[in-house]
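Reviewing the structure listed below.
FYI, side chains are in, hydrogens and waters are out, and symmetry mates aren't considered; it's all heavy atoms of this structure. Residue numbers start from 1 in every chain, and the chains themselves are labelled A, B, ... in the order their sequence lines are given, proteins ahead of strands.
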There are 2 protein chains.
Amino acid sequence: MATKKVTSLEVAKLAGVSQSAVSRVFTPGASASKKTNEKVLSAASELGYRPNILARSLITGKSRIIGLVVSHLDNYFYPEALELLSNALQKKGYHVLVFMASKTSGNIDEVLDEILDYQVDAIILASVAMSSNLATRCVDAGVPVMLFNRTQDDDRFSTVTSDNFLGGQKVAKFLIAGGHKRIGYIAGWEGASTQHDREAGFIEELKQHGRSLYAREVGNFVQDDARQAARKMFTKKEIPDAVFVASDDMAFAVMDVIRFELGLKIPEQVSVIGYDDVPIASWPAYDLTTVRQPANRMVAETVSIILECIENTETKPRRIEIDGPLILRGSAKISDKSNKE
Amino acid sequence: MATKKVTSLEVAKLAGVSQSAVSRVFTPGASASKKTNEKVLSAASELGYRPNILARSLITGKSRIIGLVVSHLDNYFYPEALELLSNALQKKGYHVLVFMASKTSGNIDEVLDEILDYQVDAIILASVAMSSNLATRCVDAGVPVMLFNRTQDDDRFSTVTSDNFLGGQKVAKFLIAGGHKRIGYIAGWEGASTQHDREAGFIEELKQHGRSLYAREVGNFVQDDARQAARKMFTKKEIPDAVFVASDDMAFAVMDVIRFELGLKIPEQVSVIGYDDVPIASWPAYDLTTVRQPANRMVAETVSIILECIENTETKPRRIEIDGPLILRGSAKISDKSNKE
DNA sequence: TAATATTTTGCAATCGTATGCATTATTAAT
DNA sequence: ATTAATAATGCATACGATTGCAAAATATTA
């Protein structure tokens with residue numbers, strides 16, 4: 001009934017050794033004889049002893065906690081990433097402390113203070129940016145920061161993204177090959193590097209073929225805004241025959257408007273392409289052609305970099321861009337051989 | 001460059017007071033004069049001092065960390081719940097440490113040890129069960145445990161669910177009123193209380209009307225299994241004209257099979273009803289009639305109970321069931337007045 | 001077997017903060 | 001102005017572990 005916290009001292013008494021001996025048995029890499037090992041372990045399991053991570057952290061300066069800041073769990077790319085991330089870190093003996101960044105106020109200042117209070121070993125910002133001021137605070141505190149699925153003009157932290165520029169190019173190439181004449185783009189939030197790079201690659205490739213955007217709206221990576229954008233874009237006299245939407249999440253909303261509000265056929269009248277390849281994209285109701293963000297590889301890189309930074313504080317920040325394939329499905333017309341542009 | 005950890009002692013020196021004074025300024029409810037307060041706060045902000053939560057926890061025995069065990073982040077009900085939960089706890093000064101329970105092995109034993117190592121103030125199990133043995137360990141350790149969206153035959157922990165039995169009843173009532181003759185059910189994982197209660201309510205209400213299940217398959221709360229179940233159920237000679245699927249997530253998969261593989265019309269030939277009311281259910285491509293699980297109220301209850309348990313260790317476990325409405329959309333035929341059964 | 005090298009072990013200090021207790025400064029009451 | 005009550009402060013200890021250091025135990029070598 002009463003709260004029992006078993007301490008190393010109690011184990012030591014029962015095992016007939018010193019408290020340090022107990023500690024050493026539970027500290028990988030410390031020296032302890034076979035005999036003590038046995039005595040301590042049996043005493044520990046008898047009492048149900050497990051070392052107190054918090055007390056350990058106080059000494060070692062390592063909490064084995066990674067702070068993760070997320071804002072858009074409603075975009076299905078992030079739960080997936082969170083799951084992978086948490087699993088991968090768990091395997092390495094770390095755990096994820098979650099902080100929600102309020103979507104409205106982009107400032108994560110308060111949240112960041114809270115994170116640092118927990119003495120986290122590192123911070124991962126998932127699709128969240130950080131003021132230069134805050135970055136300095138983290139660097140001063142010796143806490144490595146990683147950006148996941150976002151870059152920023154600050155070379156003090158590592159970033160992992162998909163190759164957004166290349167992804168944009170692939171989409172443009174594919175749409176042009178499909179014989180589309182009037183190509184539109186629905187942008188994400190314009191403060192996001194992912195949005196910026198996807199669009200830049202897209203436009204660049206169009207330009208290479210002597211083409212340019214026929215229409216452009218902004219959806220802010222938010223479904224409601226995307227719906228509005230689609231309504232604007234597709235109620236003009238001459239509507240686009242293809243649209244690249246900066247995220248799958250928005251693309252679903254756009255498809256819904258196109259099909260169910262406006263009664264247009266996809267892909268016969270309009271081709272739609274998304275970005276992310278979240279699971280829903282493969283559901284037959286959407287069957288969305290999209291650029292895959294390889295979440296597993298992105299997470300693997302993130303974990304490997306972050307552990308390296310923790311182990312070796314002198315590690316230089318890195319910027320990783322992972323190539324992802326264009327996944328061909330039914331929401332966009334496929335290149336017709338006779339039709340070469 | 002070097003890792004600087006500013007301690008209360010340094011602040012004390014700069015402010016010209018004792019270390020205890022600094023501590024008191026940062027401890028709500030402790031006494032400190034106006035003068036010291038000012039001196040300390042200004043010194044603290046000059047040095048960028050913030051109290052070390054871990055050190056504090058060591059003394060107070062409270063870590064302000066809540067351990068959350070999740071397994072199904074791919075079911076979109078959980079990211080939503082996680083977001084709400086994290087936000088609500090954040091407001092109260094707590095944070096969520098995430099542990100993924102491997103979906104394959106139902107045993108969360110190892111995970112639980114890790115949780116306890118972090119000296120969490122409480123544990124929330126989201127749709128995860130716990131062996132009686134483990135429960136005892138938690139009780140012994142004085143850590144309150146809550147089940148979210150699951151109940152269990154163990155009165156040592158509180159549970160919060162929607163009223164699954166009533167929900168099942170509502171669905172049956174509605175389908176019967178809609179004039180359906182052959183009613184099927186696709187079950188979730190049979191070890192889950194939610195599955196069990198939904199089905200029990202459903203069957204009970206059918207019985208009240210002198211009816212029984214026309215067909216039944218098991219989907220295990222997994223989309224692939226649900227697809228298989230749907231294929232079996234709807235390739236018989238005489239197929240059901242209505243099916244209740246134990247979760248939205250499975251319902252989407254079932255709808256896809258019904259419409260795109262088998263070419264049947266929803267709701268003309270088959271009515272489909274789900275459970276959860278995740279955001280996708282309202283997307284026009286699915287437009288799913290479903291029972292809403294009021295995530296916000298469920299989370300609010302969870303947080304309030306858990307905080308109460310932390311404050312007052314004598315708090316008795318409670319079992320909350322929250323009623324959720326049946327949300328009428330287009331995937332199921334609506335009662336036709338002329339047609340009374 | 002004796003001398004040396006190596007491994008184990010316990011002691012004691014430490015991490016950064018909270019808090020009971022005794023003391024002093026402040027305020028209120030007479 | 002004097003005394004009594006209250007508030008503020010500092011001292012010292014505790015929380016539960018890790019770890020450098022020196023002593024003791026064990027293993028190695030000649």
- Measure from OH on B/Tyr118 to P on D/dG16 and round the result to the nearest Å. 19 Å
- Closest of C/dT17, C/dT9, D/dG16 to the B/Pro51 side chain is C/dT17
- Message: Check this one for me: any side-chain N or O of B/Ser8 less than 4.0 Å away from OP1 or OP2 of C/dG16?
- Response: no
- Message: Taking any heavy-atom pair under 4.0 Å as a contact, classify A/Thr7: base, sugar-phosphate, or nothing.
- Response: sugar-phosphate
- Task: Figure out the CG/C1' separation between A/Leu54 and C/dT17, and round it to whole Å.
- Result: 12 Å
- Task: Can you tell me the distance, in whole Å, between the NZ atom of A/Lys35 and the P atom of D/dA24?
- Result: 17 Å
- Note on the structure: In whole angstroms, the gap separating C1' of D/dA7 from CZ of B/Arg24 amounts to 11 Å
- Task: May I ask you to check whether A/Ser23 and A/Ser20 show a side-chain donor-acceptor distance below 3.5 Å?
- Result: no
- Task: Between C/dG10, D/dG10, D/dG16, spot the one nearest the side chain of A/Ser18, thanks.
- Result: C/dG10
- Classify the side chain of B/Ser20 and the base of D/dC11 as holding, or not holding, a donor-acceptor pair under 3.5 Å. yes
- Task: Would you indicate what B/Thr36 reaches in the nucleic acid, counting non-hydrogen atoms under 4.0 angstrom: base, sugar-phosphate, or nothing?
- Result: sugar-phosphate
- Which nucleotide in the set C/dG10, C/dG20, C/dG16 lies at the smallest distance from any side-chain heavy atom of B/Ile59? C/dG16
- Do any side-chain nitrogens or oxygens of B/Ser23 fall under 4.0 Å of OP1 or OP2 in C/dA18? yes
- Could you give the CG-to-C1' distance, from A/Asp117 to C/dA18, as a whole number of Å? 16 Å
- Query: Picking from C/dG10, D/dG16, C/dT8, which would you name as closest to the side chain of A/Val17?
  - Reply: C/dG10
- Among C/dT9, D/dT9, C/dA18, find the nucleotide with the atom closest to the side chain of B/Gln19. C/dA18
- Ignoring hydrogens and angles, state whether a donor on the side chain of B/Thr136 or B/Arg156 is under 3.5 Å from an acceptor on the partner side chain. yes
- For B/Ala21 and for A/Val22, locate the closest nucleotide of DNA chain D by heavy-atom distance; then report the residue assigned to the nucleotide nearer the 5' terminus. B/Ala21
- Which of parallel (below 30°), tilted (30 to 60°) and perpendicular (above 60°) describes B/Tyr76 and A/Tyr76? tilted
- In whole angstroms, how far is the P atom of D/dA14 from the CG atom of A/Leu58? 17 Å
- Message: Using whole Å, what does the distance between atom C1' of nucleotide C/dG16 and atom CG of A/Leu116 come to?
- Response: 16 Å
- Query: Looking only at atom types and distance, does a side-chain atom of A/Thr315 sit under 3.5 Å from a main-chain N or O of A/Asn312, one as donor and one as acceptor?
  - Reply: yes
- Between D/dA17, D/dT9, C/dT17, which nucleotide has the shortest distance from any of its atoms to the side chain of B/Arg56? C/dT17
- Message: Can you confirm whether more than 12 heavy atoms, excluding those of A/Lys62, are under 6.0 Å from its NZ atom?
- Response: yes
- Between D/dC15 atom C1' and A/Lys5 atom NZ, what is the distance in whole Å? 12 Å
- side chain to side chain donor-acceptor pair (under 3.5 Å), paired with A/Ser193, selected from A/Thr151, A/Asn149, A/Thr159: A/Thr151
- Task: Return the nearest nucleotide to the side chain of A/Thr27; candidates are C/dT17, D/dT19, D/dG16.
- Result: D/dT19
